Amino acid sequence: GYAEPLRQRLAHSTRIDRASPLPEPAAHAFGAAVYPMALVATRADPSGNEVTATALGPKSTAAVLPQQQLRSSGPWILCAGAEQIARRLRARFPTVGDRWTPQLGVKTGADDVFVLDHKCFGARPAIRGRDIRPWSCAPRRFLVWTHGADGKPLARLPEQLRQLLAPHDDRLRRRADYRGGAAWQLFRTSLALAPHRVIWPDIGKRLSAAVPERDVVPLNTVYGIATRQAADAAALAALFNTRWLTALARLVADPARGGFRRFNARVIRGLPIPPSGSPVWEQLARHGSRCEPADDLIADTFELDLADRRALAADSL
């Protein structure tokens, strides 16, 4: 987001000859985790007919796209065919953000105090991003849960929890999110309290969604959406687990090392979904409740022809 003004200035006031992401070995020349690109631009007003190559080497053999395509808001999508599909879907379908608000899981500010590798009194199963696979999640940690059914911190801790947390009282009050009240409170608890939700890892090579059991607590390496109905959570899981949603998400997701992407709230909010009230939602809910792939259903719903499917499949993993 912070690079948006620079992208807009380049696209509107220079002639961009090359915009080419460099292969991962090139990043090893830097002393930090970076994702470099080669950018070649001429300081001249564009005429409107320029094309930008998205690879190095002879321009005659490189994939190109119209420079005007780079003037749209958001990140540059340097895959001409896939970008056109994404633009078409944005124009024809609502987005996740039109109906739901993705949010992060619980933040403790002191994982070594609250997150345990064994079950104890008052603890709930906890899910990290690494514990989620398409359709399933397997808790491997437990979270000391200090809130009531109303979502508020307990006014008084049970004796077992008091003995566990009392030695850390001063530290818990120094947490960045602490603003007063019970020292043992947790932060961003709404996703843990929702009866129906779909969750996915914040980082992955593909978008992997699951509907967790009621007592499972998503931690802050997990994003999720709370829904009013269980059927909507199942339908979203089926939708997100399609290869087409992974491909569309990867187009705009920030990179991470090793081919991973960051599927944060911004990315998920912008993904297309079938219209509210469409019979497709009932079909998706059935697929989700049975953990059955819905690739063909969504391809038909989004009217993806063979060329569209090939263009998206190149980045769907």
Side-chain angles (χ1 to χ4, degrees), residues 100-204 207-228 230 233-234 236-237 240 256 260 262-265 268:
W100 292 287
T101 302
Q103 54 190 309
L104 269 171
V106 171
K107 182 179 180 182
T108 71
D111 281 359
D112 57 316
V113 175
F114 287 97
V115 182
L116 309 175
D117 59 6
H118 60 277
K119 187 171 179 58
C120 71
F121 175 86
R124 290 173 59 179
I127 284 287
R128 302 163 297 173
R130 71 187 71 175
D131 300 328
I132 302 175
R133 298 291 181 270
W135 307 114
S136 67
C137 55
R140 300 177 185 175
R141 295 291 187 275
F142 296 88
L143 178 71
V144 177
W145 186 249
T146 58
H147 290 239
D150 60 358
K152 297 179 181 179
L154 296 172
R156 182 182 180 87
L157 288 178
E159 182 60 21
Q160 296 96 319
L161 295 186
R162 190 195 69 78
Q163 292 181 9
L164 179 66
L165 297 178
H168 307 285
D169 188 81
D170 289 342
R171 178 187 171 191
L172 297 183
R173 294 180 188 277
R174 293 197 302 269
R175 290 177 294 171
D177 292 276
Y178 180 75
R179 297 292 184 272
W184 51 80
Q185 65 188 277
L186 301 167
F187 312 109
R188 286 199 313 249
T189 58
S190 58
L191 200 58
L193 297 164
H196 311 299
R197 59 260 166 96
V198 59
I199 59 175
W200 63 91
D202 61 343
I203 296 178
L207 188 54
S208 301
V211 176
E213 297 293 332
R214 179 71 181 267
D215 63 337
V216 166
V217 177
L219 296 179
N220 68 337
T221 55
V222 174
Y223 278 92
I225 290 174
T227 65
R228 293 183 179 179
L236 284 171
F240 290 167
F260 286 76
R262 301 179 185 276
F263 298 119
N264 57 27
I268 303 303

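One-based numbering along the sequence shown. Treat the numbers as computed from the prediction; the structure is a model and nothing was measured.
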**OP:** Taking only Lys NZ, Arg NE, NH1 and NH2, and the carboxylate oxygens of Asp or Glu, determine whether Arg128 and Asp111 approach each other closer than 4.0 Å.
**Re:** no
Original post:
At their closest point, which heavy atom of Pro212 faces which heavy atom of Arg197, and how far apart are they?
Top reply: CD-O, 3.4 Å
Subject >> Identified side-chain contact (heavy atoms from CB on, under 4.5 Å) counterpart of Val222 within the set Ile199, Leu104, Asp131 >> reply: Ile199
Original post:
Rounded to the nearest 0.5 Å, what separation is found between the CG atom of Asn264 and the OH atom of Tyr223?
Top reply: 5.0 Å
Original post:
Should we say atom CD of Glu159 is surrounded by more than 12 heavy atoms from elsewhere, each under 6.0 Å from it?
Top reply: yes
Original post:
Below 4.5 Å, heavy atoms only, C-beta onward: do Leu161 and Val144 meet side chain to side chain?
Top reply: yes
Subject >> Side-chain donor/acceptor of Trp145 to backbone N/O of His147, under 3.5 Å >> reply: yes
Subject >> Rounded distance (nearest 0.5 Å) linking atom CG of Asn220 with atom CG of Asp202 >> reply: 8.0 Å
Subject >> Interatomic spacing from OG1 in Thr146 to CG in Leu186 - rounded to 0.5 Å >> reply: 4.0 Å
Subject >> For the student: nearest non-hydrogen atoms of Phe263 and Ile268, plus distance >> reply: O-CG1, 4.1 Å
**OP:** Report yes if the distance between the aromatic ring centroids of Trp200 and Phe240 is under 6.0 Å, otherwise no.
**Re:** yes
Original post:
Arg130 side chain to Ile127 main-chain N or O, any donor-acceptor pair under 3.5 Å?
Top reply: no
Original post:
Taking atom CG of Leu154 and atom CD of Gln185, what is their separation to the nearest 0.5 Å?
Top reply: 11.5 Å
**OP:** Provide the closest heavy-atom pair for Val216 versus Arg124 in the form atom of the first, atom of the second, distance.
**Re:** O-NH2, 3.9 Å
Original post:
What's the spacing between His168 NE2 and Trp184 CH2 if we round to 0.5 Å?
Top reply: 14.5 Å
Original post:
Where do Leu191 and Ala226 come nearest, in terms of heavy atoms and distance?
Top reply: CD1-N, 4.1 Å
Subject >> Nearest heavy-atom neighbours spanning Arg262 and Ala256 >> reply: NH2-CB, 4.1 Å
Original post:
Can you name the nearest heavy-atom pair linking Phe142 to His118, along with the distance?
Top reply: CD1-C, 3.4 Å
Subject >> Spatial distance of atom CZ (Arg141) from atom CG (Leu116) [nearest 0.5 Å] >> reply: 9.5 Å
**OP:** Let me know which of Asp177, Asp169, Asp170 forms a salt bridge (Lys or Arg N to Asp or Glu O under 4.0 Å) with Arg173.
**Re:** Asp169
